[in-house]
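The next block holds one structure in the form of structure tokens; read it before the comments.
Protein chains get the first letters and strands the later ones, always in sequence-line order, with residue 1 at the start of each.
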Amino acid sequence: MIDLRLLRQDPDGARVRLARRRDPAVDAMLDAILALDVQRRRILSRVESLKAERNKATEEVARRKRARESADDLMADLKASGDEVRALDAELREVETALEGQALGVPNLPAAECPDGDASANAVMRTWGTAPRFAFEPRPHWELGERLGILDLPRGAKLSGSGFPVFVGLGARLVRALENFMLDLHTREHAYVEVAVPLLLNRDSLVGTGQLPKFEEELYGVERDGLYLLPTAEVPVTNLHRDEILDGASLPRGYVASTPCFRREAGAHGKDTRGLIRVHQFDKVELVRLVRPEDSAAEHERITAHAEAVLQRLGLPYRVLSLAAGDIGFASARTYDLEVWAPGVNGWLEVSSASTFTDFQARRANIRYRPEPGAKPEFVHTLNASGLAFPRTIIALLENGQQSDGSVQIPEALAPYLGTDRLVPRA
RNA sequence: GGCGUGGUGGCCGAGUGGUUUAAGGCAGCGGUCUUGAAAACCGCCGAACCGGAAACGGUUCCGUGAGUUCGAAUCUCACCCACGCCGCCA
């Protein structure tokens, strides 16, 4: 959430910074917030001075009662002012509800380092590995998956609809292998604490990380119980410490979780959605870090390196993009996308998005820390990165590893987890 | 799902309508003592918001929301959560 005090102090500065997002709705929201903020403080000062008077008079009533004197005159006055206080309190609540509603819709301030412009201005920071050269036309993963007998999209569609893939045999084992491989890497070598978390989450959790109230249509909900299926483990893991004050000495904290993710992908059908490219349910290993504000830029580089390590171990060629201010997500201040090379579909696919949220999520989720024992609590900075999302990793493994005989070579680092170093087509 | 018990500060825990300005303890911070540390003793020690340059002043917060009252941690109602027993169930 935007810092209201900062906005009040320097509204034009906030406007200029937010303008880089190229969201035409933002200016009107800021106008509404500033007006509501003035209104709020006007009502607040009135109701607070009324309450101060009332508290004094109430004490006097108590004093007289103890002295067995009459307080009837005072009590009659207080009855009238009580009604006024109630009316003002109601008015205040209304203004505050409106104010919060607006404030929750304002995106995070982009970091100065973000390139200017929309998605076309995303900057390639570096490229790792080399794309394999084929003496034949490389096949897309949906063909490979079918021929290898590890992917069954039609049956997934039968069970749930398109975008719900079924993995069979070594395909299912590949999912399990990726999970164990990534979790082992991050816990053993990058010192993350593994957590297994709920997949159904309440509203507060989704507001905390910024999915709600704005992106309700992207979420699957269980309306009867007021719960939502997680779109990413970022939500439960970051919210682990919602409404807490952490010991400064315990920072930075790193958590890793492997979970399914559910996304409605409303309106995304038709383009770039074939096979496993864009699905409604997928598994992902997610990294989350809670850090001191002064460390967040360095921590952003670190968490990105942790995600990159997965691709490097798998020997998959990838590139790192710095997203432009007009392309970063709602809650993000700065994002690096990791895109893996997929020769079968002849394109770069996003397998990880590493973001720093500054204090935006911490403010919404009320996650604070004490810099020193006895010091005032401050908001932490939160970061996350996929490490990695499975379907596109599987796409890259199949399409980069494919051989002329239709088999697929599995990277050395993954083979022990899969129990074989080669996937072979069905007879 | 039914019945019962409970929810108080970073943690534990007292408090059944008005000096609660939430007792007491633990943890934390500062000090005395000590070569240093521990122990002991003394003092300080919640959060948010509003006004103010600051000093400071004010308001709110005892699971959440509504209500009764001049006044609510305390009384009433609804909801949420935890625990126990019963029922159902992997």
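Atom pair A:Ile245:CD1 and B:rA47:C1' shows a separation of 7 Å (rounding to whole Å applied). Between A:Asp243 atom CG and B:rA47 atom P there is a gap of 15 Å when expressed in whole angstrom units. For the pair A:Arg370 CZ and B:rG28 P, the computed distance is 13 Å after rounding to whole Å. Per the geometry, CZ belonging to A:Arg368 stands 8 Å off P belonging to B:rA47, to the nearest Å. Between A:Glu53 atom CD and B:rG57 atom C1' there is a gap of 15 Å when expressed in whole angstrom units. Put simply, CD on A:Glu100 is 13 Å from P on B:rC49, counting in whole angstrom units. One can place CG of A:Asp247 at 20 Å from P of B:rC26, the figure rounded to the nearest angstrom. For the pair A:Ile43 CD1 and B:rC49 C1', the interatomic distance rounds to 14 Å; values are reported in whole Å.
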Q) When you check every protein heavy atom under 4.0 Å of nucleotides 64-81 of chain B, what one-letter string (B, S, -) results, 5' to 3'? A) --S--BBS----------
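Remark: B:rU59 base-pairs with B:rA48. Criterion, Watson-Crick or G-U wobble with two distances under 3.5 Å. B:rU35 is unpaired under the criterion used here, namely a Watson-Crick or G-U wobble arrangement in which both key atom distances are under 3.5 Å. B:rU21 makes up no base pair with any nucleotide shown, lacking Watson-Crick or G-U wobble contacts both under 3.5 Å. Look at B:rC75: its Watson-Crick or wobble partner, with both distances under 3.5 angstrom, is B:rG67. The partner of B:rC83, taking Watson-Crick or G-U wobble pairs whose two distances both stay under 3.5 Å, is B:rG4. Across all strands shown, B:rC29 forms a Watson-Crick or G-U wobble pair with B:rG43, both key distances being under 3.5 Å.
Comparing B:rC70 with B:rG13, their C1' atoms sit 32 Å apart, to the nearest whole Å. Across B:rA78 and B:rU20, the matching P atoms stand 32 Å from one another, rounded to whole Å. Taking atom C1' in both B:rC42 and B:rC33, the straight-line distance is 12 Å, to the nearest Å. When the P atom is compared between B:rC11 and B:rU64, the two are found 14 Å apart, to the nearest whole Å. Distance noted for atom P between B:rG46 and B:rG9: 14 Å (whole Å). Comparing the same atom, C1', in B:rU60 and in B:rA72 gives a spacing of 14 Å after rounding to whole Å. Across B:rG17 and B:rC75, the matching C1' atoms stand 8 Å from one another, rounded to whole Å. Comparing the C1' positions of B:rG71 and B:rG2 gives a spacing of 39 Å, expressed to the nearest Å.
Side chain to side chain, A:Arg334 and A:Ser355 fail the donor-acceptor criterion of an N or O pair below 3.5 Å. For the residue pair A:Thr356 / A:His300, no side-chain donor-acceptor distance below 3.5 Å is found, with atom types taken as modelled. Residues A:Arg264 and A:Tyr220 bring no donor and acceptor atom of their side chains to less than 3.5 Å of each other. Residues A:Asn366 and A:Arg364 have side chains that never bring a donor and an acceptor to within less than 3.5 angstrom of each other. Using modelled atom types, one finds a donor on one side chain and an acceptor on the other under 3.5 Å when comparing A:Arg253 with A:Ser250. Checked by atom type, the side-chain pair A:Tyr255/A:His186 shows no donor-acceptor distance below 3.5 Å.
Counting non-hydrogen atoms under 4.0 angstrom, A:Arg42 reaches nothing in the nucleic acid.
Side chain of A:Asp184 to main chain of A:Phe181: no donor-acceptor pair is present (N/O by atom type, distance under 3.5 Å, no hydrogens or angles). For A:Asp359 (side chain) and A:Ala362 (main-chain N/O), no donor-acceptor pair under 3.5 Å exists by modelled atom type.
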Short heteroatom pairs, N/O only, protein and nucleotides 50-53 of chain B, under 3.5 Å:
from	atom 1	to	atom 2	distance (Å)
B:rC50	OP1	A:Arg8	NH2	2.7
B:rC50	OP1	A:Arg40	NH2	3.1
B:rG51	OP1	A:Arg41	NH1	2.7

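Ion pairing between A:Glu59 and A:Lys56 fails under the 4.0 Å rule for side-chain N and carboxylate O.
Below 30°, between 30° and 60°, or above 60°: for A:His190 and A:Tyr192 the angle between ring planes is above 60°, a perpendicular geometry. Below 30°, between 30° and 60°, or above 60°: for A:His280 and A:Phe164 the angle between ring planes is between 30° and 60°, a tilted geometry.
Between A:Asn55 and A:Glu96, the residue anchored nearer the 5' end of RNA chain B, judged by the nucleotide with its closest heavy atom, is A:Glu96.
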